[in-house]
Amino acid sequence: MMKQKIEQLAVQLEASLAAVENKEQLAAFWQEFLGKKVHYSLLMTELRNVPAEERPQAGKIINEAKKWAEAQYQAKSEQIAQIELAAQNAREAVDITMPATRRPAGSLHPITIVKDQMVDVFAGMGFEIYEGPEIEDDYHNFTALNVPKNHPARDMQDTFYVAEDIILRTHTSPGQVRVMENQQPPIKVLVPGRVFRSDSDATHSPMFHQMEGLVVDKGITLCDLQGMLDKFVQTIFSTDVKTRLRPSYFPFTEPSVEVDVSCFECGGKGCSLCKGTGWIEVLGAGMVHRKVLENGGIDPDVYSGFAFGIGVERITMLKYGINNMGYLFENDVRFLKQFKD
Ligand code: DAH
């Protein structure tokens, strides 16, 4: 009787198990056959109805049947785990022979490229780098540079005022004074940085970059300045260019000069870049005014020096033939990506 029942149950179990295809169905199968108070557990309770002398034998058979059922379950469970793992592997498979998506490398901004080149040239000549504050006081930006209050030269620069005597520096020249206040000659510094003027058109931007140079020592002359600038323009533009100094005026230098470079486009014959003159203006410079040396705590009867101020945007535009400063600040990637160093 019991044996028959067990055999029937085994047939039923095999049929059910054959239909099991996933974990959920497997769990349901367990509930149906091996859970509490269902098939195999019930068999045990039915032992009560078996005559006492047959009971040990029947108990043994039931136990074996239950073990068999559990083994069936176990085997199926392993099979399903393997099937599911294989399915997961298939889903996550990566074709390692497929070409990778390349991330394009960025490039430096043209101003950064030129600024770095300029710093390199001067660092190679032994200049130290000093960076002064962008928010500057009136004294360092103007007064100490021999531009007293109400001096007409202040009109040359449209200043952004932060407070009455606090401004956004209009040039990097205050860096000269700050260096001299802290250091005695020999001085050889380069002051790169951002400057600000209320000005905006094709060749002006309210924020732009300058690079100030200052050399102070015994016996420094304009010839030293020109020799050094020759080296500078030859590195930045072309090895066969030369410089020309034209008299000019800046309150902080005496004499003051405007520095031209021979046209690297036409070699000096005259073209649209140099407007037919063969020369291109690149920077302002001069011998440091004795009052400025004094304001910096340096004795002008013992020492002399030269200074120069270079517009980084101007050099960048000349070097790359850019005719509108706006391009340098719009950050249009189509423009910027042309400047791979
Ligand atoms: N600071 C001047 C400007 O912003 C540029 C300049 C001219 C700097 C002559 C100098 C210099 O050091 O000697 O226009």
Side-chain angles (χ1 to χ4, degrees), residues 115 118 122 127-134 136-148 151-160 167-181 187-199 203-217 220-229 232-233 243-261 281-293 295-296 298 300 303-315 317 325:
K115 188 192 79 186
M118 289 165 69
F122 289 110
F127 280 73
E128 284 175 47
I129 309 296
Y130 169 79
E131 286 180 292
E134 291 176 359
E136 188 50 282
D137 54 46
D138 181 282
Y139 172 77
H140 287 92
N141 195 84
F142 293 124
T143 316
L145 287 164
N146 200 32
V147 188
H151 188 288
R154 289 197 180 198
D155 280 352
M156 296 182 345
Q157 295 166 345
D158 298 312
T159 311
F160 286 113
I167 58 166
L168 299 187
R169 66 177 173 196
T170 59
H171 51 178
T172 43
S173 304
Q176 288 185 33
V177 185
R178 291 191 174 272
V179 169
M180 288 189 279
E181 282 171 347
I187 290 173
K188 206 171 180 185
V189 286
L190 194 67
V191 188
R194 291 191 287 187
V195 301
F196 307 85
R197 288 182 206 175
S198 179
D199 211 351
T203 52
H204 296 91
S205 151
M207 185 286 293
F208 59 104
H209 299 77
Q210 282 190 338
M211 208 168 280
E212 191 84 9
L214 174 71
V215 174
V216 185
D217 203 350
I220 296 290
T221 70
L222 268 185
C223 287
D224 298 315
L225 170 73
Q226 189 164 21
M228 196 210 61
L229 290 176
F232 164 68
V233 294
T243 58
R244 171 178 86 170
L245 307 186
R246 266 184 302 112
S248 183
Y249 173 73
F250 298 102
F252 29 90
T253 43
E254 179 59 38
S256 302
V257 294
E258 211 78 64
V259 180
D260 298 340
V261 59
E281 186 186 317
V282 285
L283 58 105
M287 296 305 291
V288 183
H289 197 293
R290 52 186 295 124
K291 277 203 187 147
V292 176
L293 288 174
N295 291 338
I298 290 171
Y303 295 105
S304 60
F306 66 72
F308 57 86
I310 310 175
V312 183
E313 279 76 4
R314 174 148 177 81
I315 302 292
M317 290 167 78
M325 200 182 266

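Counting starts at 1 for both ligands and their atoms, in listed order. The basis for the numbers below is simple: all heavy atoms, side chains too, and nothing from hydrogens, waters or symmetry mates. For the single chain, residues carry numbers from 1 onward in sequence order.
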- Item | Contacting atoms of ligand 1, where contact means under 4.0 angstrom from a heavy atom of Glu212 | 8 (C), 10 (C), 12 (O)
- Structural part of Phe306 in contact with ligand 1, heavy atom criterion under 4.0 angstrom: neither
- Message: Is the distance between the ring centroids of Phe308 and Phe122 under 6.0 Å?
- Response: yes
- Have a look at ligand 1 and work out which part of Ser173, if any, has a heavy atom under 4.0 Å from it: side chain, backbone, both or neither. side chain
- Query: Hey, does Ala307 come in under 3.5 Å of ligand 1, counting only N/O atoms on both sides?
  - Reply: yes
- Query: Can you list the atoms of ligand 1 that are under 4.0 Å from a heavy atom of Gln176?
  - Reply: 12 (O)
- Between Arg169 and Asp138, is the closest basic N to carboxylate O distance under 4.0 Å? no
- Salt-bridge present (Arg246, Glu281; N to O < 4.0 Å): yes
- Query: Lys115 versus Met211: any side-chain heavy-atom pair under 4.5 Å?
  - Reply: yes
- Query: Thr253 heavy atoms, cut-off 4.0 Å: which ligand 1 atoms fall inside?
  - Reply: 13 (O)
- Could you walk me through whether Thr243 and Asp260 pass the side-chain hydrogen bond (donor to acceptor under 3.5 Å, both in side chains) test, one step at a time? CA-CA 6 Å; Thr243 58; Asp260 298 340; over 6 Å; no
- Task: Begin with the C-alpha distance, continue with both residues' side-chain angles, and end with the deciding distance and a verdict on ring pair (Phe, Tyr, Trp, His ring centres under 6.0 Å) for His171 and Phe252.
- Result: CA-CA 12 Å; His171 51 178; Phe252 29 90; 5.6 Å; yes
- Message: As an exercise, identify every atom of ligand 1 less than 4.0 angstrom from a heavy atom of Gln210.
- Response: 3 (C), 4 (O)
- Message: Looking at ligand 1, would Arg197 count as a contact under a 4.0 Å heavy-atom criterion?
- Response: yes
- Message: Please check this pair: side chain of Glu313 against backbone of His209, looking for a donor-acceptor N/O pair closer than 3.5 Å.
- Response: yes
- Per-atom filter on ligand 1: closer than 4.0 angstrom to a heavy atom of Gly286 are 13 (O)
- Message: Can you name the atoms of ligand 1, numbered from 1 with element, that are less than 4.0 Å from a heavy atom of Gly309?
- Response: 6 (C), 8 (C), 10 (C), 12 (O)
